[in-house]
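Have a look at the structure below, then the notes.
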Amino acid sequence: MRFSRSVSGWMMAGLLALSLACGGGDDAGEVADAPEMEEAVVTVDPAKAATITGKVKLDGDPPRMPAINMSAEPDCRGLHEAAPPAEVVVASDGMLQNVFVWVKSGLDGKFAVSDTPAMLDQKGCIYSPHVLAVQTGQLLKISNSDPTTHNVHPLPKTNREWNRSQPAEGADIEYKFPREEIMIAVKCNIHPWMRSYISVVNHPFFAVSGADGSFEIKGLPAGSYTVEAVHERFGSQEMSVTLGDAESKDIEFSYSAS
Amino acid sequence: MSSATAQADREHPATRGLHLFAVFTAGATFLLIVAGALVTSRDAGLSVPDWPLSYGRLMPEMIGGVFYEHGHRMIAAFVGFLTIILAVWTWRADQRRWVRHLGWAALAAVIVQGLLGGLTVLFLLPTAVSVSHACLAQLFFSITVVLALVTSRSWREQDRRLAAPWPPSRPSLPVLCVTTNFVTFGQLLLGAALRHKGLGIIFHLIGAAAVAAMVFWVLARAAREHSGDAGIFPWALALNGLVMLQLLLGAGAYWIREVTRHAVQPLWPMVVITVGHVALGALILALGVVLTFQVHHRFGRQTSSSFEREGVPVTT
Ligand SMILES: [Cu+2]
């Protein structure tokens, strides 16, 4: 009798302590306002602004992407005529899409944060776009165009991880990443095939290669830069680029499919 | 029915039902471990972002990963409910103080386990919490199995026999068995740490070798000194068989992970083999613990008073 009473007492105490402890953990996903920057912002004279254009090539036969099996989820499968292929490698005519390209180093100072929100949509139980980049402190709006619930779960390493559910036709999730970090995987734990990558950059000089493998980074000040290309499967490549005032340079990254 | 059995049943009329209920609880717990392992293998742990409710409800729409996570929560609630009954029933029907305490320990474990499960969701699967949740699951399963064992008729019958003298070999079989339990639990911890990305595979491989060595040592000892004991030798043999199978499953899990490295996970072969590996780990721990209890029950360092308490004449 005495034993059982003391055990239940301990259990109640433990329960209370743990429920108090977990009360503070459910604030993930709020818009984290970046602290106001008083630091002067670098402006680039449009007449002197330099440009990097380029292409990302993929040599060899691209690996065949398996169709995503959505058959267990009629709400998702019904949104597609045929099961769509996974987007890990998207290439056509030797050109690689979804490569994140950015000026990794060589820039000095702070740059104005774009006041246009970046958009990430969930459509057909697939993220659109598959690879996305934003500036630190830039508003990211995540929308759900599907008739089903998703949970949005970024897996950053230096930013804070969060997980939020978004019902069908639910309000947009708004978020600002406070720290620079590239290729943050974003997943939905309801639909395990869903995956996108968000890169967060301290400046506006980045791009993602399009269907023809091309990219363009505009408005750069003159200088010597290291430009990095990053692909989720094929990894990263770097290139040095020196730009004069108003100069435009064309560069090319090349990955091997094998 | 032997006269000893009849006597045992007369003395403890309620324990038959209690035993069956404990067996049922242990079975449900095994299912719960499978369900929990499925959550991890399907990467569905965060498909329900809130806890204790799911999407603010008791019953969310069971789409995709929600089926696994909420299904796990439902089975867990059921096992929690069973454990409350088991603890109260044990407390009321069993005279043995330590068994009654074990019933309460099971209840405490299942409550803490539920809270760990909730915490790991709310804090986005921190490795330490997920590993604790995984290990406590294994421990809880073993507790339910022990409750089923010690409420069984064969255990009661053994109670009425004279304890055999403590085996002379050093380290003795009882000590070997307990050591095996600790090594096995340590290995489960290393496996959970690997699964939840807290530790590399090398530690789990070393642990596998240690467990294999320990169970083989137990088997060798059992074969040499207790080959005729139906409560020891077949269990030691079964334990070795399960560990062999577990090594194969582990190698299979590693191989399939390498082969499907670029595939979109989760793949069903991967899910099946990893869930099987977790479930078999639980069985190995439980079987080892059963063996330990059997062995300790056989051999007594019991004082004469303990025999007198059980009403068995002391003949030494
Ligand atoms: Cu989803």
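We name chains A, B, ... by the order of the sequence lines, and we start the count at 1 in each one.
- For residues 57-74 of chain B, the interface with chain A (any heavy-atom pair closer than 4.5 Å) comprises E61(B), I63(B), G64(B), G65(B), V66(B), sorted by residue number.
- Open room surrounds OH on Y254(B); 12 or fewer heavy atoms of other groups in view lie less than 6.0 Å from it.
- Looking at A86(A), the atoms closer than 4.5 Å to chain B (heavy atoms on both sides) all sit in the side chain, from C-beta outward.
- More than 12 heavy atoms of other residues, nucleotides or ligands sit less than 6.0 Å from atom CD of E258(B).
- Residues N189(A) and L46(B) come closest through the heavy atom pair OD1-CB, 3.5 Å.
- Taking both residues in full, the closest heavy atoms of N151(A) and P49(B) are given as CB-CG, 4.4 Å, listed atom of the first, atom of the second, then distance.
- Between the CZ atom in R160(A) and the CG atom in L124(B) there is a gap of 8.5 Å [rounded to 0.5 Å].
- Surrounding CZ of R233(A) are more than 12 heavy atoms belonging to other residues, nucleotides or ligands, all under 6.0 Å away.
- Other residues, nucleotides and ligands contribute more than 12 heavy atoms inside 6.0 Å of the CZ atom of R77(A).
- Heavy atoms closer than 4.5 Å to chain B are found in the side chain of T148(A), but not in its backbone.
- Of the two parts of D75(A), only the side chain, counted from C-beta on, holds a non-hydrogen atom closer than 4.5 Å to a non-hydrogen atom of chain B.
- Shown here is Y55(B), whose OH atom has more than 12 heavy atoms of other residues, nucleotides or ligands within 6.0 Å.
- The side-chain heavy atoms of I190(A) and S47(B), taken from C-beta on, include a pair separated by under 4.5 Å.
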